[in-house]
Amino acid sequence: MKLDRNEVEQYALDHWQDFAEYLKHPSISSQNKGINETSDWLVQTFKKLGAKTATKWHDQGGNPVVFAEFTGNSDYTVLFYNHYDVQPPEPLAEWKSDPFTPTEKDGKLFARGVCDDKGELMARLGVVQYFNEHGGLPVNLKFFVEGEEETGSRHVSLYVDAYQDELQADACIWEGGGKNSADHFEVLAGARGIVSFDVSVQTADADIHSSLASYVPNAAWRLLDGLESLRDPQTGEITVQGYYDDIVSLSKDEQEAVANMDFDADSVTETYGLKRPLTTTHPRKELVNGTTLTINGLSAGYEGQGVKTIVPRQASAKLDCRLAPNQDPQKIMKLIEQQLTNNGFNDFKLHLNAAEDAWRTPMSDEFVQLALKIARIVYGPTTKYVPNTAGGGPVRPFGETLKLPIVMVGIHYAKSGPHAPNEHIRLTDYAEGSYYLAELLEQLK
Ligand SMILES: [Zn+2]
């Protein structure tokens with residue numbers, strides 16, 4: 001079927017309200033709110049749209065995963081990943097409308113979760129409904145909608161492992177895409193990994209009078225010396241042995257795409273009010289295939305008002321490393337621990353907080369190429385290809401276990417404000433994104 005762009009876009013605009021109830025459920029995973037109601041609503045909605053299966057999985061623990069399956073007019077199967085949980089709406093005083101009352105104003109739709117990531121699923125449901133009314137779905141569709149993305153997706157890989165048969169597909173369309181700060185549409189094909197951990201050191205049983213700093217060790221200095229020993233202060237290079245070894249270099253086409261990514265150093269400097277120069281001369285490459293060692297916070301000794309002259313007994317820091325595809329989070333933490341020992345800091349204790357693997361589908365993949373080709377037709381030649389996001393997501397089980405090529409495409413824009421008050425999308429992006437998806441499904445059959 002040849003799709004009429006105006007008709008599909010108008011349909012999306014006329015029908016988003018069919019799914020608006022989704023935005024009214026305060027499904028806040030971190031506070032355990034609204035999880036059952038929201039997942040129930042999803043199951044009912046999938047059934048109403050004609051799903052041959054629509055059910056909740058909860059046997060692997062955590063919040064239930066909603067799974068649905070639709071039969072289309074070809075053998076090709078697309079699996080969608082979305083999440084139905086949202087961040088808490090606070091601070092409430094900064095919202096101009098109620099966060100759980102979808103509010104349309106000046107061509108924008110405001111609600112908690114409308115960008116991250118309920119609006120994307122609504123657009124997908126709208127496309128299903130459109131095809132239902134216009135000759136049926138071009139391909140089979142499966143939906144995997146989890147309920148704890150905002151708290152770290154801790155059970156996703158268990159569900160993917162347990163339900164490999166149900167999740168069989170030919171390709172996977174992820175959430176979280178859209179337009180960048182130059183308002184150019186981006187097609188992404190993966191995510192970086194992360195490992196987050198605490199480092200602590202204790203040098204005495206109690207804080208000590210600072211006059212005795214003349215001879216007692218200081219935990220704060222010791223922590224700083226240890227952390228300092230992990231990087232070159234001139235270049236910022238991480239000096240942990242083996243740290244960069246597993247990074248796979250980008251293909252020639254990927255390198256070219258990275259060189260063409262939108263990045264405006266002046267606007268970044270202005271946005272964040274940076275007081276120092278950028279830490280790299282090749283930020284695009286660092287964002288995609290680079291790795292970091294970040295001190296998130298430091299804590300030691302007396303931090304209150306006025307004078308308290310002590311030598312702190314204990315010091316700790318919170319760190320995270322953003323990891324390129326193929327870097328193993330647990331291994332990276334081990335390497336850091338080993339390097340600290342080698343550098344003479346074997347009294348440091350490391351405690352793992354969270355870890356998530358990176359994953360990237362190669363740009364040469366057929367499905368990635370098709371998604372990009374159609375994006376260039378729908379969104380024009382300014383469309384950018386970004387091999388993977390700088391952030392994370394539970395992508396790897398879908399790529400590795402299910403062996404699916406993955407693209408991330410969506411409906412947000414740079415000012416959508418996910419996690420912030422007045423989170424919103426532009427309805428024009430919602431309409432365009434719906435047409436893009438319909439066209440992609442149509443050409444996959
Ligand atoms: Zn989020």
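Under a 3.5 Å cut-off, the side chain of Gln327 and the backbone N or O of Ala324 do form a donor-acceptor pair. Ser416 contributes a side-chain N or O that, together with a main-chain N or O of His424, makes up a donor-acceptor pair within less than 3.5 Å. Between the Asn289 side chain and the Lys285 main chain, no donor and acceptor come within less than 3.5 Å of each other. The closest donor-acceptor contact from the side chain of Asp106 to the backbone of Lys108 lies at 3.5 Å or more, if one exists at all. Side chain of Arg313 to main chain of Gln202: no donor-acceptor pair is present (N/O by atom type, distance under 3.5 Å, no hydrogens or angles). Using modelled atom types, one side-chain atom of Glu120 and one backbone atom of Ile411 make a donor-acceptor pair closer than 3.5 Å. In this structure, Gln314 contributes its side chain and Ala219 its backbone to no donor-acceptor pair below 3.5 Å. When atom types are taken as modelled, the side chain of Thr103 and the backbone of Thr101 share a donor-acceptor pair closer than 3.5 angstrom. The backbone N or O of Gly176 lies less than 3.5 Å from no partner atom in the side chain of Asp117, so there is not a single donor-acceptor pair. Panel note: side chain Glu432, backbone Val378; no donor-acceptor pair is recorded below 3.5 Å.
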Please test Phe185 against Tyr436 for ring-ring contact (aromatic ring centres under 6.0 Å, His included), starting from the C-alpha separation and ending with a verdict.
CA-CA 11 Å; Phe185 187 72; Tyr436 170 69; 5.5 Å; yes
Worked verdict on Phe67 versus Phe143 for ring-ring contact (aromatic ring centres under 6.0 Å, His included):
CA-CA 5 Å; Phe67 174 73; Phe143 286 86; 9.2 Å; no
Taking it one step at a time, do Ile336 and Leu293 satisfy side chain to side chain contact (heavy atoms under 4.5 Å, CB included)?
CA-CA 10 Å; Ile336 291 169; Leu293 175 61; 4.1 Å; yes
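Contact between Val145 and Tyr22 at its shortest, heavy atoms only, is CG1-OH, 4.1 Å.
A cation-pi geometry, defined here as NZ or CZ lying under 6.0 Å from the six-membered ring centre and within 45° of its normal, does not hold between Arg124 and Phe80.
Ring orientation note: the planes of Phe144 and Phe398 are nearly perpendicular, at an angle over 60° on the 30°/60° scale.
Around CD of Gln168, the count of heavy atoms belonging to other residues, nucleotides or ligands within 6.0 Å exceeds 12. Counted within 6.0 Å of NZ on Lys415, heavy atoms from surrounding residues, nucleotides or ligands total 12 or fewer; the atom is thus considered open.
Lys56 is listed as a side-chain neighbour of Val43, based on a closest heavy-atom distance under 4.5 Å.
Using a 4.0 Å cut-off between charged nitrogen and carboxylate oxygen, Arg112 and Glu423 count as a salt-bridge pair.
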